[in-house]
Each structure stands twice: as C-alpha cells, then as structure tokens.
Amino acid sequence: MKRKVLLIYTGGTIGMEKDYTTGSLVPFDFSTIFKRIPEMNLLECEVSVHPFENPVDSSDMGPKEWRMIAEWIHKNYDTFDGFLILHGTDTMSYTASALSFMLKNLGKPVILTGSQLPIGDLRTDAKENLLTSLYYASLYENDEAVIKEVAVYFEYKLLRGNRSLKYSAEFFDAYQSPNYPILGQSGVHLNIEKDLLWKPKGEFQLDTYLNENVLFYRIFPGMNFESLLELKTPEAIVLQVFGSGTIFNSDKTRSVLQELRSRRIEIVVISQCISGGISFGKYSNSNIFTEIGAISGKDMTAESAITKVMHILKNPKYDQAFPEIFSENICGEITEEF
C-alpha cells in the first residue's frame, strides 16, 4: 500500500527559479513540481501538494504562518500518513521548533526541508533534499510510522527539529544539531537511529497558543545593561549569556535583573555557545541568576527556547507554574540530565 504524504509549500529558495531577464529569483508555479522533478512519480508514496496561496520568504515567517501550518496538518491528520513542509532555510529551525510544541504527541512524521539553491539550478541541492524527505515522511514499518516527531532533513542528515540550527549561509551542509545526535542519514541506504527518536506520550493534540510578548536579548562586553529597563515591558526575556551561564559581576547588573523580576518578567537564560549549555553555580558570575529565580535553558538552541517560551507563557492549557513547565522535556528539546 502506498503511503500518502501531504506536501505543504510555504516559500523559500527551493520553490524559486531565475528570471533571466532581471537575474532575480522569483517563485514558480508549484503545481508544476511533478514536471520539474519527474522522479517524484517513481516514489512509493502518493504526494498531494498544498502550496501557500502567496509564498512567504522565510524571513517573513512567524506565529501566523506557524499556526496556519499546524492547523492544516491537524485538519488533514487522518487523511495522510506523513507531512512534508518546504520552507526557506533562514528561519526553518524556528518553524520546526514551534511546530514541535504545537503538534503534541505526533504519531506521524512531520519533516521540514528546503535548499540553498533553486530547483532549476544545475548544481541544486533541492532535488535530493525533497526526494529523500519524502522517503522519511512516508517511512512506515508494520503499519506504524517510524518517525513520530517534527524533524529537519538537509544534506543527507535527519535532525530533531527543535535541536536544529542553521550555521551556514554558504554550504549545502547548512544545519547542525550540536547537542543531540542526528536521527538518520541517507547514503546508499536510508538509515535511521530508532533509539534516538522521540516517543509520543499520549494522543495527538493541536495547541496553537503562542504568546508574542517575548523578547530575546544577547549580552556583549561593554553594553549598557540598563537599556533592558527602557524596553517596552515584555512578559518574558530570553537572555543569551556567556559560556555556561555567566554575566557581568556588578551592582548594576544585579539591580537591573532584580528590577526586571519585580515587574514579574520571566527570565530564561541560554548560552551563546552553539555546543553545551547553562550550568548555574559553575562560576560565581552565574549565581545571580539563581538568586533572582531565573530559569536555565540548559542546552536548548535559541530557536527552541524562544518558541517554547512563546508557547507555554500564560498558556491556559498548562496547570503548572512557568518555571516548572519550562524545565520539563516536552518533546525532546532539552537533555534532561544536563
């Protein structure tokens, strides 16, 4: 029996072609994708295409589009065996992370992919990314989906979506998962590490709640830290600090952080390092975070921490306090023993 995959095209380089008059990239009619990649007709799965009416550059993707994708998957969940989202590369990890929290207890694969070069380019990476992603999106054994989570496939590697990040704007191998092993790799054979895959803990549910009153702030040497107090008061700040969780050791720093907490602003702390994460107390310059009740983001990516905060901050479907919920490993986004 052929598995049915819904392909959702949102926009991005993978759906572009060059206008040889102007030299610019422009979207092509995605309904012609089967003509452009005839190999899709040879796959052992049935592919239905649902393009965005107006393709969106990945830099314009946000909560509105995340909800659209999640709701479309929910609407078609019982009709299809897997889902493939074609997406621009710049913000793909944000979308993958957000979807991982909104699509709770997935029992089917949701794969995101894109490309560094358009499909029509002679050296394009689009065809391999698209075709192999369709294999992963339709991968079943004994009538059960092998992948039951949101994942990113790019340049021969399958990564957990909320562990992925884009590290290169130049190389085809543009994505990494520095704090979690890759889930699978394609070569002569299509390999997958089943022991590393996320296992759902209940029935599939949709929860599109996202609180957009969240700020991200990266500290740097010599900055005016008091400028945080001049910002329009957010409900949460994701603070990206040095190394394993250090910040300036000064009375001014302490005063600013205490003032933010007095305004009932939640503070989540993540590391500027790509690999590793936060360890309060390892150095004395991290103790202030424990004192004010900041929350460790452990080894989460910035993309995952930001979208997780957006999803759980004052979400009425969660009963626990924010720090307790954030510290939970909801869908594989953190290393529990970190």
Side-chain angles (χ1 to χ4, degrees), residues 1-10 12 14-15 30-52 69-87 92 95-96 99-100 103-115 119 124-162 164 175 177 182-200 203-204 206 331-332:
M1 179 182 69
K2 280 193 172 184
R3 295 292 168 182
K4 298 175 68 177
V5 176
L6 178 62
L7 189 158
I8 301 172
Y9 171 64
T10 68
I14 196 168
F30 213 80
S31 64
T32 65
I33 188 64
F34 291 97
K35 294 181 180 179
R36 292 173 179 270
I37 307 182
E39 295 93 334
M40 289 177 63
N41 297 297
L42 303 176
L43 294 171
E44 294 182 4
C45 62
E46 296 179 11
V47 181
S48 298
V49 178
H50 174 72
F52 272 24
I69 296 168
E71 288 166 355
W72 194 256
I73 290 173
H74 180 256
K75 179 180 179 180
N76 292 276
Y77 190 77
D78 293 330
T79 304
F80 291 90
D81 300 296
F83 301 88
L84 174 59
I85 301 162
L86 300 187
H87 195 290
M92 190 189 302
T95 299
L99 290 176
S100 74
L103 301 170
K104 301 183 182 303
N105 298 313
L106 274 170
K108 299 177 180 182
V110 174
I111 312 296
L112 289 88
T113 196
S115 66
I119 282 179
T124 186
D125 55 332
K127 289 185 179 181
E128 195 282 323
N129 286 346
L130 173 57
L131 293 171
T132 305
S133 292
L134 285 169
Y135 272 110
Y136 278 121
S138 59
L139 188 60
Y140 273 65
E141 289 182 359
N142 300 320
D143 207 33
E144 183 179 1
V146 174
I147 301 165
K148 300 176 182 179
E149 60 178 291
V150 179
V152 167
Y153 178 79
F154 217 87
E155 187 66 7
Y156 308 114
K157 295 184 297 187
L158 184 72
L159 313 174
R160 175 161 294 160
N162 56 37
S164 68
Y175 283 82
S177 176
I182 62 173
L183 303 179
Q185 194 160 6
S186 66
V188 175
H189 301 286
L190 196 66
N191 298 316
I192 194 157
E193 301 294 334
K194 294 180 182 178
D195 292 341
L196 298 175
L197 295 172
W198 183 253
K199 297 175 178 59
E203 295 298 318
F204 172 63
L206 175 69
C331 48

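All figures in this text were calculated on a predicted structure; none of them were measured in a lab. Counting begins at 1 with the first residue of the sequence.
- Rounding to the nearest 0.5 Å gives a distance of 7.5 Å between CG of Leu86 and OG of Ser133.
- Evaluation of the side chain to side chain donor-acceptor pair (under 3.5 Å) rule for Lys148 yields Glu144 as partners, not counting sequence neighbours.
- The CD atom of Glu149 sits 8.0 Å away from atom CD1 of Ile111, with the distance rounded to the nearest 0.5 Å.
- Asp143 pairs by the side chain to side chain donor-acceptor pair (under 3.5 Å) definition with Arg3, not counting sequence neighbours.
- The 12-atom threshold is exceeded at CZ of Phe52, counting heavy atoms of other residues, nucleotides or ligands nearer than 6.0 Å.
- A 4.5 Å side-chain heavy-atom check between Ile69 and Phe83 finds every atom pair outside the cut-off.
- Atom-to-atom distance recorded for Tyr156:OH and Thr132:OG1 is 8.0 Å, nearest 0.5 angstrom.
- Pairs engaging residues 71-80 under the side chain to side chain donor-acceptor pair (under 3.5 Å) rule: none recorded [sequence neighbours left out].
- The salt bridge (Lys or Arg N to Asp or Glu O under 4.0 Å) test applied to Glu141 returns Lys194, not counting sequence neighbours.
- By the side chain to side chain donor-acceptor pair (under 3.5 Å) test, Thr113 is found to be paired with no residue, residues two or more places apart in sequence or in another chain being considered.
- Scanning for salt bridge (Lys or Arg N to Asp or Glu O under 4.0 Å) contacts around Lys199 gives an empty result, with sequence neighbours left out.
- At least one side-chain heavy atom of Arg160 sits under 4.5 Å from a side-chain heavy atom of Asn162.
- Rounding to the nearest 0.5 Å places CD1 of Ile182 at 8.5 Å from CG of Leu158.
- Annotation: side chain of Leu159 is not in contact with side chain of Leu183 (no heavy-atom distance under 4.5 Å).
- Contact of the Leu130 side chain with the Leu7 side chain is registered, since non-hydrogen atoms from C-beta on lie closer than 4.5 Å.
- Side-chain contact check for Tyr153 versus Ser186: some heavy-atom pair is nearer than 4.5 Å.
- In this structure, the separation between OG1 on Thr10 and CE on Met92 is 8.0 Å, given to the nearest 0.5 Å.
- The two residues Asn129 and Gly114 come nearest to each other via the heavy atoms ND2-O, 2.9 Å.
- Note: Leu84 CG to Tyr135 OH = 14.0 Å, rounded to the nearest 0.5 Å.
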